[in-house]
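What follows is a set of notes on a single structure, which appears directly below.
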Amino acid sequence: MTLAPPPSSRVQLTEDGKLRHFLSVEHLPRSLLEDILDTAASFVDVGGRAIKKVPLLRGKTVVNLFFESSTRTRSTFELAAKRLSADVLNLDIAKSATSKGETLLDTLRNLEAMAADMFVVRHQDSGAPFFIANEVTPRVAVINAGDGRHAHPTQAMLDMYTIRHYKGGFAGLRVAIVGDILHSRVARSQIHALNILGAEEVRLIGPRTLLPTDVEQLGVTVFTDMAQGLKDVDVVIMLRLQKERMDSALLPSEGEFFRLYGLNNEKLRHARPDAIVMHPGPINRGVEIASEVADGPRSVILNQVTFGIAVRMAVMSMTISGQESNPDHGGDHGR
Amino acid sequence: MTLAPPPSSRVQLTEDGKLRHFLSVEHLPRSLLEDILDTAASFVDVGGRAIKKVPLLRGKTVVNLFFESSTRTRSTFELAAKRLSADVLNLDIAKSATSKGETLLDTLRNLEAMAADMFVVRHQDSGAPFFIANEVTPRVAVINAGDGRHAHPTQAMLDMYTIRHYKGGFAGLRVAIVGDILHSRVARSQIHALNILGAEEVRLIGPRTLLPTDVEQLGVTVFTDMAQGLKDVDVVIMLRLQKERMDSALLPSEGEFFRLYGLNNEKLRHARPDAIVMHPGPINRGVEIASEVADGPRSVILNQVTFGIAVRMAVMSMTISGQESNPDHGGDHGR
Amino acid sequence: MTLAPPPSSRVQLTEDGKLRHFLSVEHLPRSLLEDILDTAASFVDVGGRAIKKVPLLRGKTVVNLFFESSTRTRSTFELAAKRLSADVLNLDIAKSATSKGETLLDTLRNLEAMAADMFVVRHQDSGAPFFIANEVTPRVAVINAGDGRHAHPTQAMLDMYTIRHYKGGFAGLRVAIVGDILHSRVARSQIHALNILGAEEVRLIGPRTLLPTDVEQLGVTVFTDMAQGLKDVDVVIMLRLQKERMDSALLPSEGEFFRLYGLNNEKLRHARPDAIVMHPGPINRGVEIASEVADGPRSVILNQVTFGIAVRMAVMSMTISGQESNPDHGGDHGR
């Protein structure tokens with residue numbers, strides 16, 4: 001499918017600056033990202049309560065619209081929606097014959113007509129959630145759950161939450177992102193978020209074959225050597241190595257990758273003594289990260305998962321609230 | 001599987017005339033169909049509310065029992081049930097090994113024993129929902145979500161709702177149903193509903209190869225030419241062309257079908273100027289309908305989808321209520 | 001996968017003897033099994049009510065973690081959880097690529113980090129639920145929904161409920177279990193439960209090739225002849241014959257098996273006149289049981305299904321309550 005290029009991210013905001021879709025952190029104002037983190041903080045407690053449920057989205061219909069299968073990501077959005085008391089409809093478009101040759105737009109129009117309030121969209125094509133957000137009726141919020149190599153903004157925001165939680169803020173922070181930057185929508189979203197939130201320095205570490213060519217424009221420093229790249233960083237973010245890249249000859253072998261870029265305690269010595277280690281999961285033990293690090297005292301990988309539910313609850317409740325404050329909003333379809 | 005022929009549709013009603021199963025519109029009294037439409041009207045508003053939920057089926061268990069996969073139809077029933085506050089269990093019998101060689105009756109008995117309140121049944125064999133309704137215990141309501149070539153009564157009723165909404169009623173109305181009538185359970189249910197509700201004239205338009213042989217008994221007028229068939233009609237209902245029919249040599253080609261029976265603005269000129277265009281979806285653009293019509297001002301295709309949720313909520317709440325008013329009703333199983 | 005041998009079943013109980021996991025009936029005290037049956041009795045009524053819902057697990061997250069697919073068993077746990085007002089997440093690990101090469105432990109840690117409260121585990125390997133229960137954080141309850149050839153404790157408890165319901169208790173009772181004992185996790189759990197609850201005599205009936213070698217240690221009497229084995233029993237439990245066993249030459253043929261061990265009215269004459277007939281389902285008509293018996297007056301097979309929902313509700317609410325009374329319990333993850 002060819003999709004129109006992503007338009008200005010102004011589509012994400014209402015006229016008075018509230019979030020109505022969440023598609024990409026790029027171009028969003030710092031205050032809004034901080035709002036998301038603050039709202040998420042109020043939801044972190046919900047997961048620890050005896051009754052893990054708040055009524056904010058009661059009577060709303062959230063559709064998980066997954067054109068690319070991902071049980072893990074779908075599960076986190078499903079739990080977040082249910083803890084907000086929403087009704088959830090899971091549509092695994094990748095596996096079903098739902099559309100029966102129907103166009104994407106016709107599928108969307110049908111779901112809108114069923115009075116869906118939110119589409120959580122996962123798509124193999126970059127820009128698909130932007131395309132959808134531009135096409136949906138005013139009362140439907142769209143959340144990007146990962147599109148092609150473009151963005152995975154809720155993952156980036158849960159990473160930001162984790163960093164702020166452990167480091168108190170972003171001022172003066174040095175953050176290294178390590179591994180297959182080229183194919184990572186997660187890395188792109190992290191870089192934008194870190195720059196917007198005012199991190200001191202964002203470093204990318206990886207082999208030249210796995211670095212994007214436009215890397216200089218991203219406001220980052222590039223390293224191909226781990227010892228140099230990790231020197232004195234406060235945060236190390238390891239990326240998942242996609243095994244498919246190995247087959248396509250972009251990389252020599254798993255063993256060779258681990259020797260050069262896999263994070264073990266020895267390489268971690270170069271970072272600051274209080275550095276935290278993050279990973280979006282699922283981890284490949286012995287490929288990009290050694291078990292001694294993944295299970296070690298500096299790893300906050302599982303805390304990221306916990307914070308991820310809260311961040312998704314925050315983005316869901318903020319976009320629904322943004323839609324409802326929109327003057328275009330109306331429930332007059334079919335009448 | 002061979003099933004017993006559908007028994008009298010009296011199985012659908014309680015002794016005092018209330019709906020307890022919804023299997024077919026055939027033989028149902030006009031007052032009951034009007035009741036369904038009136039009840040649906042009260043639910044259309046629910047989809048436009050901030051909290052799209054009413055407690056009518058709270059604590060009830062609705063089982064979507066799909067022997068034939070259909071993500072779209074299943075989704076509409078799932079949403080309708082959830083907006084009525086029911087608990088929903090989706091059983092995709094076509095894809096699962098649930099039954100492990102178990103008979104249909106044993107599967108039903110097991111679900112009854114789990115205290116299910118409603119079976120929404122989709123089945124490739126005509127008559128299967130009737131068979132099931134005859135066999136279930138008195139307290140379980142059965143809704144036909146499409147059986148073989150026989151019936152798709154909730155689709156027909158949402159079509160009737162749409163017609164009444166835009167035309168005010170059925171008296172004096174001319175309605176044309178166009179396309180593959182032969183294989184369409186939707187068309188059969190529509191013809192019965194239109195005749196019961198008192199439409200002036202029901203016309204069928206299509207190639208002779210796609211018209212049923214018993215067509216004269218259905219109380220319809222038959223046309224093989226679009227210009228003649230559409231002349232002065234108030235409502236045009238296009239049917240989805242099943243691509244499989246093409247392969248079986250019942251039709252020359254998609255292009256040829258579109259040329260003769262595909263609805264475009266030019267052919268639509270023959271209908272009344274205020275005629276509405278309907279389609280059960282999903283649409284095949286450029287096969288049975290041109291985009292200029294599907295997306296044009298006379299199309300009410302997406303409104304049908306919206307009304308469809310309301311009609312399914314109506315039928316679900318009416319059958320549950322009918323079951324509860326039944327003297328045979330009891331919760332004494334297993335005691 | 002090789003798993004550590006099941007540790008002492010003390011992992012199932014809190015220090016003051018409350019149930020916190022339900023993995024196996026073996027080694028559990030009689031008073032606890034009686035507690036489960038008594039708690040289930042209070043839930044049997046819920047299935048007969050107009051509103052089949054109690055708020056005991058409101059705001060809790062139950063994860064159906066099925067490494068081996070079983071739509072039927074999953075459905076019973078899903079319904080039980082929903083009637084307790086829990087949120088349910090179904091993970092069909094067998095069919096999904098969730099783990100993407102991730103270890104079992106990493107999958108568990110991730111679900112824990114999402115603040116799951118309960119794992120309902122089905123696994124092809126004996127001992128897997130014990131392994132999981134030993135590894136989970138204190139606040140997560142684990143329920144065994146069938147593991148390898150080892151145990152299926154909720155099935156055994158629903159069988160005990162059924163026996164107590166129809167026979168008033170276990171003292172003096174003679175119970176025969178018939179069929180493929182060797183491969184049956186159900187039979188193993190039943191034998192333990194019957195012995196703990198004080199049944200007078202547990203008999204196993206089947207061909208030598210389908211009896212376990214350690215059968216003498218189980219506290220049972222063994223018969224290879226139906227007439228002798230069924231003589232004067234109060235309860236007959238038929239097991240499902242797995243067709244796969246036939247292929248592996250452990251059995252001559254379905255016809256031969258039915259002739260020797262299939263339960264028909266003639267063989268049933270040897271049992272007491274008021275004997276009840278049970279089966280865990282799904283039944284193979286004409287293989288291990290004749291329709292005249294399955295559908296006859298002594299069959300309580302469907303009542304077992306009804307009681308099964310109540311027993312699962314009991315075990316779910318008791319383990320959650322046990323976890324909450326645990327001093328190790330805390331919601332401080334991620335903080």
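The basis for the numbers below is simple: all heavy atoms, side chains too, and nothing from hydrogens, waters or symmetry mates. Residue numbers start from 1 in every chain, and the chains themselves are labelled A, B, ... in the order their sequence lines are given, proteins ahead of strands.
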Give the intermediate values and the outcome of side-chain contact (heavy atoms from CB on, under 4.5 Å) for residues K52(A) and D87(C). CA-CA 10 Å; K52(A) 284 185 287 287; D87(C) 290 326; over 6 Å; no
What are the two closest non-hydrogen atoms of G47(A) and A115(C), and how far apart are they? O-CB, 3.5 Å
Measure from the side-chain N and O atoms of K60(C) to the backbone N and O of A50(A), and report whether any donor-acceptor pair falls under 3.5 Å. yes
Heavy-atom check, side chain of R83(A) versus side chain of T61(C), under 4.5 Å: yes
So which of I320(C), L89(C), V63(C), L57(C) has the largest heavy-atom pair count under 4.5 angstrom toward chain A? L89(C)
Counting heavy-atom pairs under 4.5 Å with chain C, which one of V300(A), L302(A), D295(A), T76(A) comes out on top? L302(A)
Salt bridge (charged side-chain N to carboxylate O under 4.0 Å, His left out) partner of E102(C), chosen from R240(A), R285(A), R72(A): R72(A)
One should read off an interatomic distance between T71(A) OG1 and I93(C) CD1, to the nearest 0.5 angstrom, of 7.5 Å
Determine the option with the most heavy-atom pairs under 4.5 angstrom with chain C, choosing from S85(A), S75(A), A80(A). S75(A)
Between V46(A), I51(A), T73(A), which shows the greatest number of heavy-atom pairs under 4.5 Å with chain C? I51(A)
Separation between CD (E78(A)) and CG (L91(C)), nearest 0.5 Å, reads 8.5 Å
In terms of heavy-atom contacts, does NZ of K53(A) have more than 12 from other residues, nucleotides or ligands at under 6.0 Å? yes
Can you tell me if K82(A) uses its side chain to pair, donor with acceptor, with the backbone of V88(C) under 3.5 Å? yes
Quick check on N110(C) against chain A: is it the side chain, the backbone, both or neither that has a heavy atom closer than 4.5 Å? both
